[in-house]
Asks: 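Pasting a structure below so you can have a look.
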Amino acid sequence: MKNHILNAQQKKAVEFDGKHVLVLAGAGTGKTRCIVGRAAFLIDQGMEPEKIQILTFTKRAANEIVERVKASLTDNQAQSLNGSTFHSWCNQLIVRYPNLFGASGYTVIDPDDQLSVMKMVCGDQLVEYKGIRIKPQQLLDIYSYGRNTRKNLSNSIREKIFKGKTDEETNDEIDIIRPKVEVLLRAYQTKKSEGRYIDYDDLLLIVANRLRNDAEARRILSHQVKHLLIDEFQDTNPLQWYLLEPFLEIAKFYCVGDDAQSIYSFRGADYKNVHLFKERVPESEILILNNNYRSTQEILDLSNWLIETSPLEYKKKLVATRGSGTKPKLINIASQWEEANFIAENILENFTENNKNFIDHLILSRSTYYTKPLQAVFIQKKIPYVTYGGRKFMEAAHIKDIVSALRVVNNIYDEIGWMRFLTFWDGIGEIKAGKYISKILEFKDPLDCAQNLEDAIGGTEGEKIADIYNSIFMNSGNVKKAIQETYSKMELQLAFKYRKDWEEKRKSDVPVLEMLGENYATIGQLISEGILENAKQLNGNPVLEGSQLNDSEIKDHVIISTVHSAKGLEADVCYVLNVSPKVYPSAWNLSSDENIEEDRRVLYVALTRAKNELYITRDTNSITTVNSSETSEVTSKYFLENLPENLTEQFVNPYTIVKPRDILTPNKIDLSEGMDFS
DNA sequence: TCCCCCCCAGTTTTT
DNA sequence: CTGGGGGGGA
């Protein structure tokens with residue numbers, strides 16, 4: 001094993017020989033290197049790789065760690081090493097031990113489908129639904145928040161609907177709506193059972209409950225799981241801990257985390273869980289890594305300043321082992337187009353004159369949506385890029401159409417799947433589809449359905465739909481073939497339904513779906529694992545919607561990512577977009593100190609990604625409007641408001657701004673000019 | 001009554 | 001780029 005790159009602290013952490021450990025490590029101190037090193041060390045010591053489970057928050061992080069372990073070992077020693085997200089891991093366990101968890105023939109549903117189910121429930125329970133002014137999506141938020149935090153319904157309503165307020169008026173309101181919400185949530189659970197649906201939280205709960213209540217189940221798994229290596233431990237929430245706890249007696253825990261990088265409280269994560277580690281985990285130790293290997297001192301000075309100005313104490317001051325470099329640059333921009341142009345020109349200059357590759361550049365944004373103009377400019381200037389974060393591949397409408405056909409064969413009780421598949425066809429709307437579905441739900445099994453589906457629907461539609469059903473049914477052992485057959489029968493209608501952008505954009509996703517299908521042995525696996533799959537990452541290679549990347553571009557591209565998806569990433573040159581008032585902290589979060597501090601950590605994560613050069617852009621318009629019209633609240637809470645001048649270099653955009661014509665937003669015409677009303 | 005199509009609004013962050 | 005709403009047509 002090649003471990004010569006480890007320092008003394010890291011080596012101690014990698015070769016830890018106690019039972020459970022938490023490695024507390026600041027940004028850039030080698031957290032990932034530690035997990036990679038640990039896995040390689042264990043395998044080197046003779047542990048079977050299939051009994052080591054690496055748990056991460058994103059699929060990409062899992063893949064990357066596994067790849068790096070493989071690269072650090074010889075002879076395919078790590079071939080069967082397992083790295084996955086919590087959800088994917090649970091799904092795999094459920095599939096592998098159908099008798100243990102009792103969940104076969106189920107369909108894992110994504111948030112879109114959850115919403116559809118909840119809407120059906122609200123339609124069924126109109127009396128209760130009308131009695132509360134809460135939208136179906138908010139009901140799901142309450143439900144999921146309650147399950148993830150293991151808080152009760154009243155408190156979940158308080159957090160999600162009333163922003164945590166505890167005054168008497170709020171309490172009275174909660175008392176009034178709580179029973180009605182309960183009726184709706186219980187109806188949602190019933191509907192899930194009827195449709196044999198499993199939502200994301202169920203994946204964790206099914207495994208957790210079984211293991212907690214059944215010593216025999218723990219005994220079986222104790223032979224399979226010896227080591228749990230858990231990344232980003234500060235982001236685990238109570239539900240995840242509820243799942244992990246029964247493994248304490250089975251496996252050895254190896255957790256790494258950093259409380260200053262906890263940015264998932266909206267999903268119920270509590271950064272204090274790292275502080276509770278020693279209390280909750282007997283026979284455990286805490287190790288600390290504090291040498292930063294990533295960034296220059298100037299970048300760390302700014303990052304340190306940011307968390308030092310927090311009312312919370314992180315007891316963290318990163319020191320660069322790499323020494324000094326250039327100061328972070330703060331650029332005031334007047335519009336998103338100027339920002340996009342500046343970044344594009346800067347990257348092109350680095351590429352052509354400074355001997356840098358595209359992959360040396362990382363662009364970080366608070367939201368996916370905000371990067372759209374940037375992407376337009378990159379396409380215009382032919383800069384290859386990959387986006388992380390945002391919509392999943394399987395969530396695109398045209399993919400869902402194709403997959404809906406596969407879903408109903410996998411689970412004939414999948415009403416959501418039927419609704420999508422039936423209404424896909426011309427002349428069938430929700431009403432007709434509903435009538436067909438009530439007939440379909442009476443079929444005994446898939447075979448019964450295959451034989452009688454045509455008659456149940458009737459006409460040429462029935463013929464067409466039954467034909468597709470049957471060809472998938474015949475090919476259920478070959479997922480790729482099933483997809484191809486389905487597509488060939490749906491192609492005409494797809495091209496018609498999406499005529500505006502079918503040829504240019506959506507059609508090219510079909511081969512990607514086929515490739516995805518090749519990875520799975522059954523349709524059930526495709527739809528449960530596939531919805532957890534990221535759009536841009538396929539067989540380890542980024543796949544872009546719309547543009548076909550050639551080989552060299554696959555290897556060399558700029559990365560555009562949300563901060564949340566950028567955990568663990570680093571780059572030579574980093575651009576943090578739109579660090580403006582109302583964004584850091586964001587306007588929604590201003591009312592809560594906890595949320596403001598979470599936003600501070602979001603910015604902290606963003607800043608600490610940079611190795612050598614850090615560019616921070618901010619919108620001058622929002623600065624001036626805030627100063628002139630709004631109360632001081634927004635400005636006083638803005639993170640860069642009291643930024644010491646010596647920490648950054650104010651920087652003027654040196655490039656001429658050219659607005660490409662085809663991406664130009666129409667100018668707003670001001671019709672109030674020319675008239676003096678005085 | 002049901003279905004289709006066009007237009008508009010509004011988008012945190014993730015599994 | 002999707003979801004909802006409104007209007008027109010069958």
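We name chains A, B, ... by the order of the sequence lines, and we start the count at 1 in each one.
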Asks: Taking 4.0 angstrom as the limit, do A:Asp124 and A:Lys191 come out as a salt bridge?
Replies: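 Yes, charged N to carboxylate O under 4.0 Å.
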Asks: Is the A:Tyr145-A:Phe266 ring centre distance short of 6.0 angstrom?
Replies: no
Asks: Does a side-chain N or O from A:Lys135 land closer than 4.0 Å to OP1 or OP2 of C:dG4, or not?
Replies: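 No, outside the criterion.
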Asks: Counting any heavy atom closer than 4.0 Å, what does A:Lys400 reach on the DNA or RNA strands: base, sugar-phosphate only, or nothing?
Replies: nothing
Asks: Applying the salt bridge (Lys or Arg N to Asp or Glu O under 4.0 Å) test to A:Asp113, which of A:Lys400, A:Lys192, A:Arg420 qualifies?
Replies: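 When A:Lys400, A:Lys192, A:Arg420 are each tested with A:Asp113, the salt bridge (Lys or Arg N to Asp or Glu O under 4.0 Å) holds only for A:Lys400.
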Asks: Nearest-Å distance, CD (A:Gln261) to C1' (B:dT13)?
Replies: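 My rounded result for the distance is 15 Å.
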Asks: So how far is it from A:Leu603 CG to A:Arg600 CZ, rounded to the nearest 0.5 Å?
Replies: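 Rounded to the nearest 0.5 Å, the CG-CZ separation comes to 9.0 Å.
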Asks: Whole angstroms only, please: what is the CD-C1' distance between A:Glu395 and C:dG3?
Replies: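 Atom CD in A:Glu395 sits about 15 Å away from atom C1' in C:dG3.
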Asks: Specify the separation, in whole Å, of atom CG of A:Asp141 and atom P of B:dT14.
Replies: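 A:Asp141 atom CG is separated from B:dT14 atom P by 15 Å.
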Asks: Rounded to whole angstroms, how far apart are CD1 on A:Ile109 and P on B:dT15?
Replies: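 A:Ile109 atom CD1 is separated from B:dT15 atom P by 17 Å.
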Asks: Quickly work out the A:Phe57 CZ to B:dT13 P distance and round it to whole Å.
Replies: 18 Å
Asks: I'd like a list of close polar pairs between nucleotides 9-12 of chain B and the protein, N/O only, cut-off under 3.5 Å.
Replies:
| residue | atom | partner | partner atom | Å |
| --- | --- | --- | --- | --- |
| B:dT11 | O4 | A:Tyr369 | OH | 2.3 |
| B:dT12 | O2 | A:Arg366 | NH2 | 3.0 |

Asks: What is the nucleic acid contact for A:Phe86, judged by heavy atoms within less than 4.0 Å: base, sugar-phosphate only, or nothing?
Replies: nothing
Asks: Residues in side-chain contact (heavy atoms from CB on, under 4.5 Å) with A:Trp588, at least two apart?
Replies: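 A:Trp588: side-chain contact (heavy atoms from CB on, under 4.5 Å) contacts with A:Ser586.
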Asks: Would you kindly give the CG-to-P distance between A:Leu140 and B:dT15, to the nearest whole Å?
Replies: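 In whole Å, B:dT15 P and A:Leu140 CG are 18 Å from each other.
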Asks: With sequence neighbours left out, write down each residue that passes side-chain hydrogen bond (donor to acceptor under 3.5 Å, both in side chains) with A:Thr608, or none if nothing qualifies.
Replies: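 For A:Thr608 there are no side-chain hydrogen bond (donor to acceptor under 3.5 Å, both in side chains) partners, ignoring immediate neighbours.
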Asks: When the distance from CD of A:Gln137 to P of C:dG4 is rounded to whole Å, what number comes out?
Replies: 11 Å
Asks: List for me each residue that meets side-chain hydrogen bond (donor to acceptor under 3.5 Å, both in side chains) alongside A:Gln189, sequence neighbours excluded, and say none if there are none.
Replies: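 side-chain hydrogen bond (donor to acceptor under 3.5 Å, both in side chains) check on A:Gln189 returns A:Tyr143.
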Asks: Establish, with yes or no, whether the OP1 or OP2 oxygen of B:dT13 is under 4.0 angstrom from a side-chain nitrogen or oxygen of A:Arg601.
Replies: no
Asks: Is A:Val563 close to A:Arg366 at the side-chain level, that is, under 4.5 Å between some pair of heavy atoms?
Replies: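 No. Closest side-chain heavy atoms not under 4.5 Å.
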Asks: To the nearest Å, how far apart are A:Phe266 CZ and B:dT15 P?
Replies: 9 Å
Asks: Classify A:Tyr264 by what it touches in the nucleic acid, base, sugar-phosphate, or nothing, heavy-atom distance under 4.0 Å.
Replies: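 Touches sugar-phosphate only.
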Asks: For residues 425-438 of chain A, which side-chain donor-acceptor pairs fall under 3.5 Å, sequence neighbours excluded?
Replies:
| residue | atom | partner | partner atom | Å |
| --- | --- | --- | --- | --- |
| A:Trp425 | NE1 | A:Phe421 | O | 3.1 |
| A:Lys432 | NZ | A:Gly427 | O | 3.1 |
| A:Ser438 | OG | A:Lys435 | O | 2.8 |

Asks: Report each atom pair, protein N/O against N/O of nucleotides 3-6 of chain B, whose distance is under 3.5 angstrom.
Replies:
| residue | atom | partner | partner atom | Å |
| --- | --- | --- | --- | --- |
| B:dC3 | OP1 | A:Gly429 | N | 3.2 |
| B:dC3 | OP1 | A:Lys432 | N | 3.0 |
| B:dC3 | OP2 | A:Ile431 | N | 3.1 |
| B:dC4 | OP1 | A:Gly427 | N | 2.3 |
| B:dC4 | OP1 | A:Ile428 | N | 3.4 |

